[in-house]
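Since the structure comes first, as structure tokens, the remarks are kept for the end.
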Number of protein chains: 2
Amino acid sequence: MGASEHDIGDDTLCPIAHSTGLVGDRWSILIVRELLLGQSRFQDLQAQTGATSQMLAARLKRLEADGLVERHAYLERPPRHEYRLTPKGRHLMPVILALRTWGEQWCKPQGQQPATRMFHRACGSELELDGKCPACGGLVAWTEMSGQPSQAWAEERARRAAEFTDHRRAATSPSAEPEQ
Amino acid sequence: MGASEHDIGDDTLCPIAHSTGLVGDRWSILIVRELLLGQSRFQDLQAQTGATSQMLAARLKRLEADGLVERHAYLERPPRHEYRLTPKGRHLMPVILALRTWGEQWCKPQGQQPATRMFHRACGSELELDGKCPACGGLVAWTEMSGQPSQAWAEERARRAAEFTDHRRAATSPSAEPEQ
DNA sequence: CTCGACACTATGAATTTCATATCTTCGCTG
DNA sequence: CAGCGAAGATATGAAATTCATAGTGTCGAG
């Protein structure tokens, strides 16, 4: 027990087939993104990814079984957990960064500034989208970067969190909706 | 008509949500992998990805609508097309490379040699999994690399192609199956 | 002792994907 | 020119997945 792997992409030498077998879907990727951003609680993951609770629960279970995520109890007596990436999960950072670069370059209205600014820790310069350091003149390894969300994106995330809580409240309380 | 975009991940600043809206599924990624490897015909894509024909047709349609893939007629009179990546599609290479690195490092029995060997075009050295050039001592940009499939992987792919054709032949001909 | 927060789980409907078969248009063979 | 096979799909109904919505259990606050 412990051997899991919903064997998709096994039986091939192609590493990409293996990878997509574990994280080849939208929700897994968004969850890993959130965990890399430092979120760890169920609720926050749900609010920021937009997944349904059952989808999130199922994916977290699978990610844990595949060794990307660890569940830590931070409260015993109503059982409460936080979710953290394992080293295996954390090493998905380059994939996330590559998706970021592509998304910024090809999927957004041009001229819009990136959601996250990345910096070269060694010299403090802001990195270009492709990971080059304008000061050092070369590509920077992901382990040498740190990121900071833009004002606009931070606000979007705060709004999402707030809306999620509201939604919750509305669904629970049988009182009249405050709309209009 | 013409405006497509199955708007998932719009309405956010997050570039990763945008990216996964377009390529956030297993089949799209595997198709892009094949196109990057130089395959262009429907049949080859189907054989190497393992997608059903309808899945492949649907995904190619969507990838075309989203501007990742172009369809070129190479025959008029039985309409025959080949599929090629656009620049937008080709720029997914870093994502594929990141998935490759992760898959090789975390999803395969250790010690197994990579399915593809990558080389630094400028100096000819074989690159490490993480993209470092042992000769030049830094990370190499994806535009400066070239890859070559290992013997074993080339064989696997050839076998897959052969099996696919056999399968076809078997399904079409109403003669007795040659099994046993 | 009621209420709300949190982390889920349950349920049935809607959507997606799958396996399998079929279609179309050609070129070739006899 | 009838028949066959290849290539590139489309059709169909069953199986699996995902969704929206609602509910469960446990706790602390009031």
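- By the neighbour-count criterion of 12 heavy atoms within 6.0 Å, atom CZ of B:R71 is densely surrounded, having more than that number from other residues, nucleotides or ligands.
- A sub-4.0 Å separation between OP1 or OP2 of D:dA7 and a side-chain N or O of B:Y83 is absent.
- Protein atom CZ of B:R71 is 14 Å distant from nucleotide atom C1' of D:dA7, rounded to whole Å.
- Side-chain atoms of A:R80 lie closest to D:dG25 of the nucleotides C:dC8, D:dC19, D:dG25.
- Annotation: side chain of A:Q48 is in contact with side chain of A:R157 (closest heavy-atom distance under 4.5 Å).
- Distance, B:W27 CH2 to C:dC18 C1': 10 Å, rounded to whole Å.
- The CZ atom of B:R26 sits 15 Å away from the C1' atom of D:dT17 (whole-angstrom rounding).
- Proximity of B:H81 to the phosphate of D:dA7: no side-chain N or O atom is located under 4.0 Å from OP1 or OP2.
- What separates CD of B:E82 from P of D:dA7 is a distance of 15 Å, to the nearest Å.
- The existence of a salt bridge linking A:D66 and A:R59 is excluded, since no basic side-chain nitrogen approaches an acidic carboxylate oxygen closer than 4.0 Å.
- For B:Q113, the CD atom sits in a loose shell: 12 or fewer heavy atoms of surrounding residues, nucleotides or ligands are nearer than 6.0 Å.
- Here the shortest heavy-atom pairing between B:C123 and B:S125 reads SG-OG, 2.8 Å.
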> If the sugar-phosphate is the primed atoms plus P, OP1 and OP2 and the base is the rest, what is the B/S/- string for nucleotides 9-14 of chain C, using protein heavy atoms under 4.0 Å?
Replying inline: BBB---

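- Between the CD atom of B:Q46 and the C1' atom of D:dA9 there is a distance of 9 Å, rounded to whole Å.
- Put simply, CG on B:D25 is 7 Å from P on C:dT17, counting in whole angstrom units.
- Between the C1' atom of D:dG8 and the CD atom of B:Q39 lies a distance of 16 Å, rounded to the nearest Å.
- The side chain of A:Q43 lies closest to C:dC6, out of D:dG8, C:dC8, C:dC6.
- Between the C1' atom of D:dG8 and the CZ atom of B:R59 lies a distance of 18 Å, rounded to the nearest Å.
- Screening B:M118, B:K132, B:E144 against B:L127 for a side chain to side chain contact (heavy atoms under 4.5 Å, CB included) leaves a single residue, B:M118.
- Using a 3.5 Å distance cut-off with no hydrogens or angles, the side chains of B:T12 and A:R160 do pair a donor with an acceptor.
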